[in-house]
Participant: 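This is the structure, below, for whatever I ask next.
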Amino acid sequence: MTTVPPLADADSRPDTAGIDLRGVVKQYGTQAALRGLDLQIRDGEFFCLLGPSGCGKTTTLNLIGGFVAPTEGEIWIQGKRVDQLPPHKRPVNTVFQSYALFPHMSVLENVRFGLKMDRVPRDVSSERAAQALGLVGLEEFGSRMPAQLSGGQQQRVAVARALVKRPAVLLLDEPLGALDLKLRQRLQIELAQIHRDVGTTFVYVTHDQEEAMSMADRIAVMNGGRIEQLGTPEEIYRGPVSRFVADFIGDSNFFEATVEGAVAQLPDGSRVACAGGRSGAATLMVRPEAIVLHGGDGSIAGHVVQTSFLGSYIRIAVETPAAGAPVIVALRDGAAVPALGEGVMLSWTAADGVVLEPGPAA
Amino acid sequence: MTTVPPLADADSRPDTAGIDLRGVVKQYGTQAALRGLDLQIRDGEFFCLLGPSGCGKTTTLNLIGGFVAPTEGEIWIQGKRVDQLPPHKRPVNTVFQSYALFPHMSVLENVRFGLKMDRVPRDVSSERAAQALGLVGLEEFGSRMPAQLSGGQQQRVAVARALVKRPAVLLLDEPLGALDLKLRQRLQIELAQIHRDVGTTFVYVTHDQEEAMSMADRIAVMNGGRIEQLGTPEEIYRGPVSRFVADFIGDSNFFEATVEGAVAQLPDGSRVACAGGRSGAATLMVRPEAIVLHGGDGSIAGHVVQTSFLGSYIRIAVETPAAGAPVIVALRDGAAVPALGEGVMLSWTAADGVVLEPGPAA
Amino acid sequence: MAHDVEVLSRGARVARALLNGYALAIYLFLFAPIVLLVLFSFNANRYGTFPITGWTLEWYRAAVSDYQVHGAVTTTLKVAAQVTLISAIVGTAAAFPLVRSRLPFREGIRIVLILPIMIPGLLIGVSLLVLFVSTFHWQLSEETAVIGQSVYTTPFVILLVAARLQGFDNALERAAADLGANTFQRLRRVVLPLIFPAILAGALFAFTLSLDEFIITYFLIGANNTLPIYIYTQIKFGITPEVNAVASLLLAGSLTLLAVAFALPQLVRRARRAVMRVTTA
Amino acid sequence: MAHDVEVLSRGARVARALLNGYALAIYLFLFAPIVLLVLFSFNANRYGTFPITGWTLEWYRAAVSDYQVHGAVTTTLKVAAQVTLISAIVGTAAAFPLVRSRLPFREGIRIVLILPIMIPGLLIGVSLLVLFVSTFHWQLSEETAVIGQSVYTTPFVILLVAARLQGFDNALERAAADLGANTFQRLRRVVLPLIFPAILAGALFAFTLSLDEFIITYFLIGANNTLPIYIYTQIKFGITPEVNAVASLLLAGSLTLLAVAFALPQLVRRARRAVMRVTTA
């Protein structure tokens, strides 16, 4: 369900810019890790592959990096077919999840390693390595050993080591996964800044939707070896194409419904507004912050089973015969908070009721 | 800094209800895990011990459960001193972080284990075990082995096994830590419901502030073997007593400031509103959602370094000479979003500028 | 499982193939003597070597009907049974404090415990001989051999059971305590059932080691014969196909026992599940 | 580290104390023979046993100046050096495909690889004797002993190096490939430097095993003497304090080597850091 249309002529040379994956299949034994992937990543964009573990996002990254050979399909980078090239001959570099810093080399030697392999003269390589360390704010750490650095510093060394070779594409494999929340948020801002500074294409793999949304120009949401949706963070949040995407990106409430025009009928008989689109059996998805309590026309009735003050908002769980699980409502701080057990009415505007294919709960 | 005043007469018998820890110290060798803890937990409340790893929260739980002996101090449960009693003689039961289900017994045998130890007749114990399994919605799973259950089901068996003995206090040691986000949110609602149903005192340990805030009546925020703040979620979020608490609960921006009355002067010379309290050098804390862009009087200037659409809100990072790190602003969806690199003015109301002791960044 | 890198240049592919071939040759070389030993024991040629003139079970028949072999087998099994019992009981009990308690020098003991495993059997034999004969003035017998072998086998049981105890989730024992079980109930209902496979594996292991042990036994058993000693004395008169057959039988027995010991944890789990299904049905 | 449960009832506390005492007794019993052996080697009493009539180094002096001991030491070291070299090179190369490749039956090979370690030396000795003498008609010599010992020591090196390779973060090799290193550069600059401590530990281990090996050597070395064989033949004439001294020396040597092998990873790391500090200063 990629939004990139397949090219009319399969044998035509792809666009010379960016990355082009064409009909890529990867089988491990009888297990398919990727089931036919068509994906074009533009030159210079910050692109995220987002999905749960096992969705094929890391396999995709490994295919681009050259660590894994595709079973079928072609991979082009900047107009050059690369799928038969070993990793050391591809114009890409990788920041690994574990950072993979060489523990027996100093930070400077780590960063210089790639240039040494390219037989760059020692003085040039020293200067470029120092520059790269400067880019990540670690000028002073060249003589340290990796084990003497904090997790965040190791991550930055890994970025410097990959960028020092000036690759056409930088691959990042969950590079912030091992760090704690506050540090992660700071490094997200830093990585986005580095991306703007160097202008290289970034392909970033993560299972953390907030991380993807906070940095990416475009996101490909993957599931079961396929791309389920591709678009900007806002496009995906506002218009998820499936229950899986809606559930994976942001919080959501789901209702089984029968839709006719812009009206959805819920299991308890209540009729609520929806964006329309398909008719008949459907799943209705509403974001917690889109629900209004004490709604007017087209409301559903329920009673409050939990109210939690969460700082920036108040979370209300409402049990209602209209839905299987409690409906989660996010109230802005300052709104009137109903008491535990109180009966409430819920409603939302038509645009906020997204209609999806009917499907079972995840 | 507990809000519970120390009792006037240290030898008087504590309140017969709830849990009372009096001057509890726990040393491991020369390392102090707890440095003098005074804590009263009320009968029937849902109480959270919240803090980072190593703060002493799990040690506190283990002291109440009887797995660890205090170096100094007394522990009273429902008017009975228990600190010298082995765990099997205390009126408490525990839900362990790893669940600790006996892998060689069926679910029913697991739940019945505690009653068997109490020599409850087999027919009575079977009935009560079935009841407890019903409470957590697992009536049908009695004959399964633990390895055949999902993580969420195992967690519920652990709750049933602990509750079947009808303890005065139920201790929960990060019981949702191993589960994924969506399941954790559902079980949070379920646990709160079970708490209301059985009326037992719950003492819940977690490092996840959202989890603590969503369920607890009161929270004790721990740090370095002490209680740093004790109160309801709202009290703590709105009025953190220290930079540590502010940073741990919710997102926050910190400014070094010199405070006089209700005005704080920042390093770049700008003067902003604050709640006042102390005078002189201080740290000013403002929540991201309390900051208004394009502010009027008493504003600080900066420029936007990142804008991220995160669904329920839009996160703006603003670099300003007034603060060391980029200031994070949370805009409600629908607000006007400034462009990347644009100059902006930030301000907030006096009540939102919380004045804390001066201190270095965490 | 997977290669470190799947996409290879041609040079790298050739190098890998060569290395694989070389490694296979090494493995063949390592196993060849044992394979040949077994092969020759079925060889009709009565010099117990190439050429293989035909297949026969005669040497096995001869070995099985030899009264000297009978005696050696009886002694071997008697000694092995005693050694197994001693090692399993003593080893299990000694494993607990090693993992659980605040025994002084616990880490030191653990390292030193590997010594009886590492120390050449020759030295254990010599030192026990000094102790028993020169110091205690004991008569050498099956019992002295049992003690000597136990010195060598018990550490294996200790280490196996200690490893299981180390991996044992302490929370399980805490949970049992929390639910009202006292120390003995915890041991009986939770700990022992769960470490039982390790004890059994340790016992099987001790049994196998005892079957095969030569040098300690040789020094300490006096006039008696175990199977390895029988083989050794026969070899002195020359290699015969009968000895090959006896050695092959000893090998087969040892390998079977080791295989069972390795497969034990899974077997126990499966058996338990089957019992569970019957009791709860 | 900690007890499973700290707060105990009185009964449980007594039970624990008893168990600890019992375990300490077991450990003492396991180490007693070795300790006595060393003790007696310093005993002035010339029967090499209790009573201890005084302390002396005379038996060591006698052992060191004995020309038979000289010859045995020379042979032992020559054999051990060759065995070490063969095992280290062959074992390291054979470890790679075991961990990395899609060798057929890889899991099978890994299990079978433990066999030469588990199989009694007696059987290895017998089967190699059959192979060398009856099949190849070779003359027994130091070289046949070297081959025989290598069959026994190489699997240890393979397993040690394979364990290190198993724990080796594949991402490191991927990172090197990603940064432009071809297969040989990856091996030279990343893999070998990082598994070097394991190879060294394996070599030391092989050396120690070779020093102490008795039964395979006894069958295969022909007329030559190694230290263990010397001790064995001396013991036949009766236990003397000289033999105790030689055995103690062999023990001390083995233990020192083992200690170094265990401490190696840390030593290498420290040495590397010191070198780094000098080069970058």
Side-chain angles (χ1 to χ4, degrees), chain B residues 29 58 61-62 64-68 85-120 125-126 129 141-148 157-158 160-165 167 169-171 173-174, chain C residues 92 96 99-107 161 163-201 263-281:
Chain B
T58 300
L61 203 76
N62 284 336
I64 301 173
F67 307 117
V68 160
L85 293 182
H88 61 273
K89 293 186 178 158
R90 298 194 188 192
V92 301
N93 285 112
T94 306
V95 177
F96 292 86
Q97 186 169 12
S98 58
Y99 315 141
L101 300 181
F102 305 125
H104 58 304
M105 302 181 193
S106 69
V107 166
L108 190 71
E109 281 179 279
N110 261 284
V111 177
R112 211 166 51 195
F113 185 87
L115 301 173
K116 203 163 158 188
M117 293 301 109
D118 290 352
R119 298 171 188 281
V120 173
S125 76
S126 291
F141 290 76
S143 60
R144 298 265 187 106
M145 298 302 280
Q148 298 170 302
V157 173
R161 185 178 68 172
L163 282 176
V164 78
K165 294 198 72 176
V169 181
L170 184 70
L171 306 177
D173 186 7
E174 310 219 19
Chain C
T92 301
F96 274 86
V99 177
R100 295 291 185 85
S101 82
R102 297 200 185 110
L103 222 54
F105 315 114
R106 212 176 47 142
E107 277 313 299
V161 176
R164 181 76 190 83
L165 276 177
Q166 199 83 45
F168 188 86
D169 184 3
N170 269 341
L172 289 176
E173 207 173 343
R174 291 188 169 197
D178 185 74
L179 293 166
N182 62 33
T183 307
F184 302 99
Q185 289 168 321
R186 297 204 294 269
L187 195 66
R188 194 185 132 216
R189 305 226 173 244
V190 177
V191 182
L192 281 184
L194 286 174
I195 64 166
F196 181 68
I199 300 175
L200 213 56
L264 246 175
Q266 224 182 335
L267 291 177
V268 169
R269 216 174 306 135
R270 234 181 265 163
R272 222 172 240 157
R273 213 169 278 164
V275 168
M276 200 61 68
R277 222 170 290 134
V278 172
T279 36
T280 50

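Scope of the values below: all heavy atoms of this structure, side chains included, with no hydrogens, waters or symmetry mates.
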Participant: Could you tell me which portion of Ser98(B) (side chain, backbone, both or neither) has an atom closer than 4.5 angstrom to a non-hydrogen atom of chain C?
Facilitator: side chain
Participant: Determine the option with the most heavy-atom pairs under 4.5 angstrom with chain C, choosing from Pro87(B), Gly66(B), Gly65(B).
Facilitator: Pro87(B)
Participant: Sequence neighbours left out, what passes side-chain hydrogen bond (donor to acceptor under 3.5 Å, both in side chains) with Asp173(B)? Give chain and number order.
Facilitator: none
Participant: Any idea which heavy atoms bring Pro193(C) and His104(B) closest together, and the distance?
Facilitator: CB-CD2, 3.7 Å
Participant: Could you work out, with side-chain hydrogen bond (donor to acceptor under 3.5 Å, both in side chains) as the rule, every residue matching Lys165(B), not counting sequence neighbours?
Facilitator: Asp118(B)
Participant: Search all heavy atoms of Met105(B) against all heavy atoms of Arg189(C) and return the closest pair with its distance.
Facilitator: CE-O, 3.8 Å
Participant: Do Asn182(C) and Pro86(B) make a side-chain contact, defined as non-hydrogen atoms from C-beta onward lying under 4.5 Å apart?
Facilitator: no
Participant: Pick one of side chain, backbone, both or neither for Leu101(B), based on which atoms fall under 4.5 Å of a heavy atom in chain C.
Facilitator: backbone
Participant: Identify which part of Leu172(C) has an atom lying under 4.5 Å from any heavy atom of chain B, answering side chain, backbone, both or neither.
Facilitator: both
Participant: Check each atom of Lys89(B) against the heavy atoms of chain C and say whether the ones under 4.5 Å are side chain, backbone, both or neither.
Facilitator: neither
Participant: Side-chain contact test, heavy atoms from C-beta onward, threshold under 4.5 Å: evaluate it for Asp169(C) versus Phe96(B) and give yes or no.
Facilitator: no
Participant: Is Arg90(B) close to chain C through its backbone or its side chain, or both, or neither, when contacts mean heavy atoms under 4.5 Å?
Facilitator: neither
Participant: Which heavy atom of Leu179(C) sits nearest to which heavy atom of Asn93(B), and what is that distance?
Facilitator: CD2-ND2, 3.8 Å
Participant: Nearest heavy-atom pair of Arg174(C) and Phe67(B): which atoms, and what distance?
Facilitator: O-CE2, 3.4 Å
Participant: What part of Phe102(B) is in contact with chain C, defined as an atom under 4.5 angstrom from a non-hydrogen atom: side chain, backbone, both or neither?
Facilitator: both
Participant: Tell me whether His88(B) contacts the main-chain N or O of Thr183(C) through its side chain, where contact means a donor paired with an acceptor under 3.5 Å.
Facilitator: no
Participant: Would one find more than 12 heavy atoms of other residues, nucleotides or ligands at under 6.0 Å from atom CZ of Phe196(C)?
Facilitator: no
